[in-house]
Amino acid sequence: METKQFQAESKRLLEMMINSIYSQREVFLRELISNSSDAIDKIYYKALTDDSLTFDKDSYYIKVVPDKENRTLTIKDTGIGMTKEELENNLGVIAKSGSLAFKKENEIKDGHDIIGQFGVGFYAAFMVADVVTVISKALGSDLAYKWESHGADGYTIAPFEKDAVGTEIILKIKENTEDESYDEYLEEYHLKSIIKKYSDFIRYPIKMDVKVSKPKSDAENEYEENIEEQAINSMVPIWRKNKSELTDEDYEKFYQEKHYGFDKPVKHIHINVDGTIRYNAILYIPENIPFDYYSKEYEKGLELYSNGVLIMNKCGDLLPDYFSFVKGMVDSEDLSLNISREMLQHDRQLKLIAKNISKKIKNELQSLMKNERVKYEQFYKSFGRQLKYGVYSDFGTHKETLRDLLMFYSSQEKKLVSLDEYVSRMKEDQKYIYYAAGESYERIEKLPQAELVADKGYEILYFTEDIDEFAIKMLMSYKEKEFKSVSSGDLGIENEEEKISESEEKEHKELFSTMKEILSGKVTDVRISKRLKSYPVCLSADGEVTIEMEKVLSSMPDNQNVKANKVLEINSSHEVFQALKNAMENDKEKLSLYTNLLYNQAMLIEGLPISDPVEFTNDICKVMV
C-alpha cells in the first residue's frame with residue numbers, strides 16, 4: 001500500500017504542533033470529541049433539507065473506549081462519516097477544515113452551530129499516539145475507508161469493512177517515558193475527568209463503559225462490580241437555559257461544581273446577548289476574598305467556551321483588573337480562534353464582550369448597593385480595596401467607572417456611605433468633601449485636626465486603608481465638590497472670629513521663628529492654629545503629600561524618602577501657649593525644651609515614630625522636676 005506524504009508545510013506544522021502548540025496533552029480528547037459532535041451536526045442539517053432523512057437525536061452519540069490490553073483509545077461517533085476524498089482533503093492537509101467549509105455552505109442561524117472551524121485539532125492526537133487510525137463510512141455510501149498515519153512520515157488510505165455510518169478514531173497510545181505517563185489516557189477515571197472538564201456541554205451524549213459497584217441480589221452487605229454504559233457529559237449547559245427555569249440554588253450549584261470558590265456568591269449575573277456578537281455568560285461576585293488574591297500566584301479571568309467547548313480556563317482579557325475578583329464563564333459562537341482552540345486572536349469580538357461584561361458588572365454592583373445594602377457592604381469589605389486600586393491605577397483612567405461604587409466610613413452615620421450619599425447631605429455653606437486619615441476609626445475620632453470641621457457639623461469620611469488617600473487624590477472631586485483633608489492648610493471654613501488678625505501674627509512672629517529654628521529640618525513652618533479647639537498642638541501638611549501618604553510611602557520596599565511638608569500648629573487659646581510666651585521672654589532653654597516636647601507629642605498623635613525616645617523621656621522628666 002502506497003504511503004502518501006503530507007504537504008511540506010503540513011509536515012513541518014505537524015512536527016511543531018505535536019511538540020509545542022497545545023499547552024496540555026489532554027486537550028487531544030476535546031478536539032476529537034468536538035470533531036465527532038460536528039459530524040453528527042452535519043446529519044442534523046442535512047435532515048432539515050432532505051426529506052429522505054429523519055433525525056432522531058436519541059440515535060446519535062459519541063463513545064470513548066479505552067483498551068489497556070492493546071493500548072488503544074477509540075473515539076466512535078454516529079455522525080455523517082467521510083468519503084475517501086474527504087479523508088484525503090480533511091486529514092491529508094493540515095488546517096483544512098471540513099466543518100468550516102460546511103458551515104460556510106450552510107448559513108447556520110438556529111443556535112445549533114458547528115464547532116470545528118480549525119482543521120488542526122485532529123492532529124493533537126499525535127501528542128499521545130504513535131499511530132492514528134481513522135475508519136469512516138460516509139452517509140449514502142456503500143464503501144468504508146481506513147486512513148492511517150504514524151505521524152509526520154505520511155499516511156495511507158485503503159478500503160475497509162464497516163457496517164454503520166460514522167467514524168472511529170483509534171489511537172495507539174505511546175509508551176511511558178521518564179517525563180510523561182501516557183497510561184493515564186487509558187484510565188477510566190482520568191478520561192471521565194477530561195470529558196467533564198472540556199466537553200461536558202457537547203449536545204450529544206458522550207458514552208463510556210464504566211465500572212459500577214452494586215449490591216448483590218443474593219447476599220447482604222456484599223457488592224459486585226458490573227460494567228455499565230453511561231453518558232459522562234451533562235449535555236445542556238446552564239447558561240443556555242431560560243433564566244425563568246433556573247433558581248438561585250441552580251446558580252449556586254454551578255458555582256460549586258465549577259470550583260469557582262468555597263464560599264457562597266453574593267450575586268450572580270446571567271447574560272444572554274444575541275446582537276452584533278452572540279454570547280452567553282454567567283458571572284459571580286464572590287462573598288470572600290481568595291487567600292492568594294493579592295499575591296503573584298492569583299490569576300484573573302473567566303472560563304471561555306466556544307459553542308460549549310472549553311477553550312481557556314482563565315481568559316484574563318475578558319475582565320479589567322479592577323473587576324478581577326469576578327468568577328464565571330463566557331460562551332460565544334463568534335470568537336475568532338486561530339490554529340487551535342487555545343490560541344485566541346485579540347480581536348474586536350473579544351473586546352466587545354469584555355466591554356459589555358464590565359458594564360454589566362458595574363450595573364449589578366450599583367443595583368446591589370441600592371437594593372441589597374447588607375450584601376454590598378459584605379462584598380465591599382472583601383473587595384473595596386481592589387476598586388480603590390482601580391481608581392488610582394493607570395493614571396486614573398477608570399475613575400469615572402468606579403467612583404460611584406466607592407464607600408467610606410462616615411463620622412455622622414457611623415457606617416459605610418457612598419460619595420453620592422455624602423454629597424446629598426452636605427450643608428449649604430459646605431465647600432468641600434472632608435476626610436481624615438488614620439490607622440483606625442477610633443484613632444481618627446480623636447484627631448485634633450478634625451475638631452473645627454466636626455464643630456461646624458460637617459460630615460467627615462474616615463480613611464483607614466493605605467490606598468484611600470492616593471485614590472482620592474486621583475479622583476480629585478465628586479459632583480464638582482473637591483476633597484479636603486482635615487489636616488490640610490486651608491479648610492475653607494473659618495469665620496471672621498476664627499481668622500487670625502495681622503496684628504496677632506506680627507505679635508508672635510518672633511516666637512514662631514525661634515521655634516521653627518529649633519525644629520529646623522523637621523517642620524517647614526510653625527504657626528497659630530485655625531482648627532484647634534481643646535488640643536494644644538497638632539501637625540498639618542502643606543502641599544500634595546499628606547502625613548498619612550508619607551507613612552505609606554516610607555513603608556514601601558523602594559522607599560524614596562518622600563516627606564510631607566509638616567507644619568506645627570499651636571493653639572493660641574490653650575494654657576500651653578502662655579507657657580511658650582513666658583519661656584520666650586524669660587528662658588530660651590526652656591523654650592527649646594517645650595518646643596521639642598510639643599513637636600514629639602504632635603508626632604505621637606499622628607502615629608509617627610519620634611526620632612529619639614530617650615531624649616523625649618528625659619525632656620518629660622525635666623518638666624516634672
Side-chain angles (χ1 to χ4, degrees), residues 255-256 258-269 283-304 312-329 354 357-358 361-362 364-365 368-369 375-399 401-409 416 418-419 435 437-441 443-444 461-475 545-546 548-560 562 607:
Y255 183 84
Q256 302 299 336
K258 298 301 290 180
H259 304 294
Y260 291 142
F262 297 106
D263 57 344
K264 184 178 177 180
V266 170
K267 198 75 176 173
H268 66 262
I269 310 167
L283 311 176
Y284 293 95
I285 298 167
E287 178 182 44
N288 297 325
I289 191 167
F291 72 92
D292 61 345
Y293 188 65
Y294 288 110
S295 72
K296 289 188 292 184
E297 286 69 36
Y298 183 81
E299 187 181 0
K300 71 163 184 170
L302 302 174
E303 286 186 320
L304 181 62
M312 296 173 70
N313 275 317
K314 298 273 188 181
C315 183
D317 293 324
L318 287 169
L319 284 176
D321 285 344
Y322 51 83
F323 288 153
S324 59
F325 47 80
V326 173
K327 304 289 185 181
M329 52 67 55
I357 281 174
S358 182
I361 294 168
K362 182 192 172 178
E364 195 64 35
L365 288 172
L368 198 66
M369 181 194 283
K375 281 190 175 182
Y376 187 80
E377 289 185 16
Q378 187 179 7
F379 149 78
Y380 194 79
K381 283 172 184 174
S382 293
F383 299 106
R385 186 184 186 88
Q386 185 65 16
L387 299 181
K388 295 170 195 172
Y389 274 121
V391 170
Y392 177 73
S393 64
D394 298 329
F395 304 100
T397 306
H398 314 293
K399 63 184 182 183
T401 302
L402 297 172
R403 61 186 181 183
D404 291 318
L405 300 175
L406 300 181
M407 298 182 81
F408 300 97
Y409 188 86
L416 291 171
S418 69
L419 295 176
Y435 70 85
E439 293 174 13
S440 66
Y441 301 148
R443 288 198 70 161
I444 295 173
L461 298 178
Y462 289 0
F463 291 178
T464 55
E465 290 194 310
D466 50 14
I467 186 63
D468 288 347
E469 269 198 286
F470 292 90
I472 288 303
K473 290 282 185 185
M474 191 62 72
L475 200 56
V545 180
T546 67
E548 283 300 314
M549 291 172 77
E550 177 189 309
K551 288 185 200 174
V552 174
L553 294 169
S554 64
S555 67
M556 290 183 174
D558 58 344
N559 175 20
Q560 297 178 5
V562 177

task: Go through the steps for E469 and T546 under the test side-chain contact (heavy atoms from CB on, under 4.5 Å), then give the verdict.
output: CA-CA 9 Å; E469 269 198 286; T546 67; 2.7 Å; yes
- prompt: When you look at L304 and N313, which way does the side-chain contact (heavy atoms from CB on, under 4.5 Å) test go after all the steps?
  reply: CA-CA 7 Å; L304 181 62; N313 275 317; over 6 Å; no
task: Look at atom OH of Y294 and say whether more than 12 heavy atoms of other residues, nucleotides or ligands are closer to it than 6.0 Å.
output: yes
Working to the nearest 0.5 angstrom, can you tell me the gap between [X] [atom1] and [Y] [atom2]?
| X | Y | atom1 | atom2 | value |
| --- | --- | --- | --- | --- |
| S554 | M549 | OG | CE | 12.0 Å |
| I285 | L365 | CD1 | CG | 4.0 Å |
| Y284 | K258 | OH | NZ | 10.0 Å |

Would you say [X] and [Y] make side-chain contact, with heavy atoms under 4.5 Å?
| X | Y | value |
| --- | --- | --- |
| L387 | Y380 | yes |
| I361 | L319 | yes |
| V326 | I269 | no |
| E377 | M407 | yes |
| D404 | L419 | no |
| F325 | P290 | no |

Short side-chain donor-acceptor distance under 3.5 Å, [Y] and [X]:
| X | Y | answer |
| --- | --- | --- |
| Y435 | D468 | no |
| T401 | Y322 | no |
| T464 | E439 | no |
| E297 | S295 | yes |

For a quick test of reading the model, state the closest non-hydrogen atom pair linking [X] to [Y] and the distance between them.
| X | Y | answer |
| --- | --- | --- |
| M369 | S418 | SD-CB, 4.0 Å |
| L406 | K388 | CD2-CG, 4.0 Å |
| A437 | E548 | CB-CG, 3.2 Å |
| L475 | R403 | CD1-CB, 3.8 Å |
| G390 | S393 | O-OG, 3.4 Å |

Does [Y] offer a backbone N or O that forms a donor-acceptor pair with the side chain of [X] under 3.5 Å?
| X | Y | answer |
| --- | --- | --- |
| Q386 | D321 | yes |
| K399 | M474 | yes |
| S324 | K300 | no |
| Y255 | K327 | no |
| D263 | E287 | yes |
| S358 | A354 | no |
| K267 | E364 | no |

field: K314 with E303: basic N within carboxylate O range, under 4.0 Å
entry: no
Steps toward side-chain contact (heavy atoms from CB on, under 4.5 Å) verdict (I467, Y392): CA-CA 8 Å; I467 186 63; Y392 177 73; 4.1 Å; yes
field: F463: which of F470, F408, Y441 passes ring pair (Phe, Tyr, Trp, His ring centres under 6.0 Å)
entry: F408
message: Applying side-chain contact (heavy atoms from CB on, under 4.5 Å), can you list everything that pairs with D466, at least two apart in sequence or on another chain?
response: R385, Y389, V552
task: Applying side-chain contact (heavy atoms from CB on, under 4.5 Å), run through L402 and F323 and close with a yes or a no.
output: CA-CA 10 Å; L402 297 172; F323 288 153; 4.1 Å; yes
